[in-house]
Amino acid sequence: MTELSRKNSNGMNDKFLKPYNPSETEGRIYQLWEESGFFAPENLPGERKKPFTMIMPPANANGSLHAGHALVMTLEDIITRYRRMRGFKTLWLPGLDHAGFETQVVYEKQLEKEGRSRFGMDPKELYKEILAFTLENSKNIESQIRKMGASCDWSRQQFTLNPDLVGKVQQTFKKMFDDGLVYRGSRIVNWCSKHATSLSDVETESKEKKDPFYYFKYGPFTIGTTRPETKFGDKYVVMHPDDKRYSAYKEGDTFPLEWINGPITATVIKDTAIDIELGSGVMTITPWHTAIDFDIAERHKLPKEQVIDMRGKLLPIAGEFAGMKIAEARPKIVEKLKAKGLLVKVDENYVHNVPVCYKCETPIEPQVSPQWFVKMKPLAEKAIQAVDSGKITFIPNNYRKIFLYWMHNTIDWNISRQIVWGIPIPAKICEACGDGVADLADDIKKCPKCGGSLRKDTDTFDTWFSSGQWPLLTLGFPEGKDFKEFYPTDVMESGSDLIFKWIPRMVIFGLYLSGEVPFKTVYLHGLVNDAKGQKMSKSKGNVINPLTLTEKFGTDALRIGLISGNTPGTSLSLSEDKIRGYKNFANKLWNIARFVIESTEGEELEPAFSAYTSADAVLRLERHDLLVDATKDMEAYRFYMGAEKLYHYAWHTFADKILEESKEILQSGNAEEQKSRKQFLLHTLDKILKSLHPFIPFVTEEIWQLWKQPSEKEGMLMVAEWPVHNSPKV
RNA sequence: GCGCGUUUAGCUCAGUUGGUUAGAGCGUGCGAUUCACAUUCGCAAGGUCGCAGGUUCGAUUCCUGCAACGCGCACCA
């Protein structure tokens with residue numbers, strides 16, 4: 001305080017004589033905020049009845065802050081600070097996600113570097129190592145979130161692996177099992193052979209690949225494939241029932257043929273899933289490794305045979321090729337078929353999209369595997385209803401369509417993962433019939449279906465199974481005090497890439513467990529790309545570290561640079577030049593404050609002052625219109641626009657025009673004119689600081705502290721009232 | 001292939017329900033500046049608003065078609 005209150009002979013604070021220094025200021029100001037306790041809603045001054053709640057998307061506890069996080073923190077902090085200044089009982093609740101598969105992948109990479117592998121490690125030991133790794137990293141993330149100025153309530157911080165939360169997630173599983181919404185089934189799943197786990201449909205990506213497309217003679221038919229290595233067990237040939245070319249063949253007809261490893265007998269199947277137009281209109285099926293084939297086999301009750309094992313090697317069915325990896329076996333198999341005269345032709349330029357593991361890009365090997373599934377249809381229907389009836393608003397609005405499309409086309413969700421890093425599935429598996437049963441208390445001893453003996457399930461939940469319940473879990477559903485007060489939350493702000501992965505799951509769990517939507521508004525921001533609009537990636541070397549930018553230009557500059565011109569939903573290009581420009585703005589504001597304080601020496605801001613000259617009255621009206629306009633933008637989540645308007649007003653209207661002409665008035669105007677102008681300047685500085693505070697909290701608070709020198713913490717800008725009082729219609 | 005989106009100044013992008021001379025930031029050029037700020041100020045150049053139709057008194061804005069790009073989904077027959 002001594003430093004803050006030191007003034008020079010003119011009454012000016014010495015600090016203003018130097019340029020604004022973010023690195024000296026930010027840590028100190030954040031500490032001031034945090035110590036005030038105002039991040040927690042119950043500590044906020046005044047009487048606040050209406051709650052405003054936003055849950056922070058839990059950061060992955062496995063890395064450090066990237067440019068995308070910086071945007072999340074900025075947007076959400078703007079929303080939070082604005083609501084707080086509007087008098088809401090504001091809660092922004094932070095948290096961390098163990099990020100199951102993601103984290104395990106990161107850790108496995110580290111193991112690889114050390115020449116170790118998770119295969120063969122004691123699962124408990126591995127879990128302990130990853131936990132230590134995660135806890136270490138999470139400290140990093142937290143301090144980086146603080147650096148961004150995030151005014152979130154650290155006292156309520158949550159972690160998905162807190163024992164309390166783990167218990168609740170497991171209870172949800174039990175409830176869903178009892179309600180018939182979770183079942184165990186041997187179905188075709190996305191399998192990553194490298195990581196040896198199943199993945200949900202959103203954990204795969206398609207990658208364009210050019211592969212040779214082979215045509216083989218299959219008895220009297222020609223079949224095409226890019227994957228000859230799966231064809232060993234193919235003994236059903238399928239065609240469309242309406243295909244005239246093959247009307248001579250009847251369902252169930254058999255014929256002998258020479259195949260890869262010798263003569264086999266094939267059977268004709270007719271199925272409408274076949275596309276007559278495509279190729280020869282005939283294909284053989286590999287039910288164990290192709291989703292469509294699996295469905296056909298199910299429909300016709302055909303046997304399924306595994307050809308490739310869970311680590312991507314061929315099984316004994318492949319004969320001489322057994323034990324080989326796919327890449328090695330494929331050319332050899334083609335060679336053999338060619339030698340036998342069965343190779344008809346090869347199209348070398350076949351381009352297709354191959355699903356790959358989104359982490360390691362290993363091609364997904366569909367496998368039939370016993371897993372836990374969530375029945376999506378009944379849950380999705382509720383979500384559709386909620387959105388259709390307007391209970392959830394999407395910003396931008398086109399995500400509503402995407403959300404609904406997704407919900408109308410759900411497939412059952414595979415929630416079990418064969419990894420240790422995650423929440424254990426509280427279930428037992430029957431050794432005899434393979435069925436599973438939810439078992440929270442570990443007190444079921446015999447299979448309820450067949451009486452067989454049981455083993456404990458060693459799988460863990462898909463991470464989205466827990467993060468899908470995040471709004472409920474963080475607020476202490478069902479009995480927590482916070483849950484009663486703050487649920488449903490107001491806004492969920494998230495990356496647009498999570499429109500499938502995360503948003504629908506939260507809606508589904510919210511409706512299923514609590515009967516209410518988890519949030520009323522979904523705000524989706526786009527990707528943060530580099531200056532050229534290219535996606536940032538380590539391999540391209542164009543990753544911009546937000547913390548480097550805060551050190552160089554200050555957090556405020558980064559924040560407002562990320563926000564202005566960034567419309568929701570679309571990706572933005574982040575360039576250093578832009579941020580540099582906003583660094584100048586922080587300093588400009590600093591000097592505006594210095595000038596106003598200096599030139600109004602001896603004059604106190606009179607809240608009720610009204611004796612403005614006619615010229616000043618006009619300026620006052622303009623200022624009012626601008627602030628109302630900006631408030632509308634805030635209410636409509638047009639932060640990019642509000643920020644720009646306020647920026648433009650502060651710099652190009654207030655500083656460039658009004659301050660310039662004030663020099664004249666303050667020197668040669670009469671007493672009335674001078675008084676009027678001084679009051680106008682003081683009021684305007686006051687309102688500019690307040691309205692810009694959500695965007696650039698550090699410099700505005702620092703100026704405020706130096707200017708007002710509040711003796712009570714209630715006098716902080718952070719909890720000052722927003723300069724427009726009523727809610728303008730948007 | 002299906003769906004969603006984008007296309008406006010050299011670059012990155014705004015443009016709020018169709019309405020005079022289409023805007024911002026950065027960049028560029030010229031000039032100013034001992035007086036809050038060289039992290040400054042003023043002035044300027046620069047756009048057939050992707051292309052082709054249509055609706056309208058009037059279209060960057062609405063509709064149709066096309067093209068290019070991006071994203072998502074499907075497809076390894």
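Residue numbering restarts at 1 for every chain, and letters A, B, ... go by the order of the sequence lines.
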Next item on the list: Measure from the side-chain heavy atoms of Asp656(A) and tell me the nearest of rC41(B), rU40(B), rG5(B).
Entry: rC41(B)
Note to self: Are Lys583(A) and Lys552(A) packed together at the side-chain level, in the sense that at least one heavy-atom pair is separated by less than 4.5 angstrom?
What the structure shows: no
Checklist line | Salt-bridge present (Arg330(A), Glu229(A); N to O < 4.0 Å) | finding: yes
Notebook entry, point to check: Among rA36(B), rU39(B), rU16(B), which is the nearest nucleotide to the side chain of Asn587(A)?
Noted result: rU39(B)
Item checked: Selection from rG15(B), rG42(B), rU39(B) that lies nearest to any side-chain heavy atom of Thr567(A) -> rG15(B)
Item checked: From rG72(B), rA36(B), rC41(B), nucleotide with atom closest to Trp651(A) side chain -> rC41(B)
Notebook entry, point to check: Toward the 5' end of RNA chain B, which comes first, Ile411(A) or Ile402(A), by nearest nucleotide?
Noted result: Ile402(A)
Check: Which nucleotide, rA77(B), rA14(B), rC4(B), lies nearest any side-chain atom of Tyr640(A)?
Finding: rA14(B)
Notebook entry, point to check: Asn591(A) has a side chain; which of rG72(B), rA36(B), rU40(B) sits nearest to it?
Noted result: rA36(B)
Margin query: Given Arg227(A), which partner from the list Thr290(A), Ile326(A), Thr286(A) fulfils the side chain to side chain contact (heavy atoms under 4.5 Å, CB included) test?
Written below: Ile326(A)
Checklist line | Per Glu660(A) side chain, nearest of listed nucleotides rA36(B), rC75(B), rA77(B) | finding: rA36(B)
Check: If you check every side-chain atom of Asp633(A), which of rA77(B), rA74(B), rU16(B) has the closest atom?
Finding: rU16(B)
Next item on the list: Using only heavy-atom distances, decide whether a donor-acceptor pair under 3.5 angstrom links the side-chain of Arg638(A) to the base of rU16(B).
Entry: yes
Check: With distance as the sole criterion, do the side chain of Lys401(A) and the base of rC4(B) form a donor-acceptor contact below 3.5 Å?
Finding: no
Margin query: If you only use heavy atoms from C-beta on, which nucleotide in rC4(B), rC41(B), rC75(B) is closest to the side chain of Asn353(A)?
Written below: rC75(B)
Margin query: For rA44(B), give the paired nucleotide (Watson-Crick: N1-N3 plus N6-O4 or O6-N4; G-U: N1-O2 and O6-N3; both under 3.5 Å), or none.
Written below: rU28(B)
Check: Which of these nucleotides, rG15(B), rC4(B), rA74(B), is closest to any side-chain atom of Met641(A)?
Finding: rG15(B)
Next item on the list: Please state the P separation for the pair rG46(B) and rG5(B) - nearest whole angstrom.
Entry: 36 Å
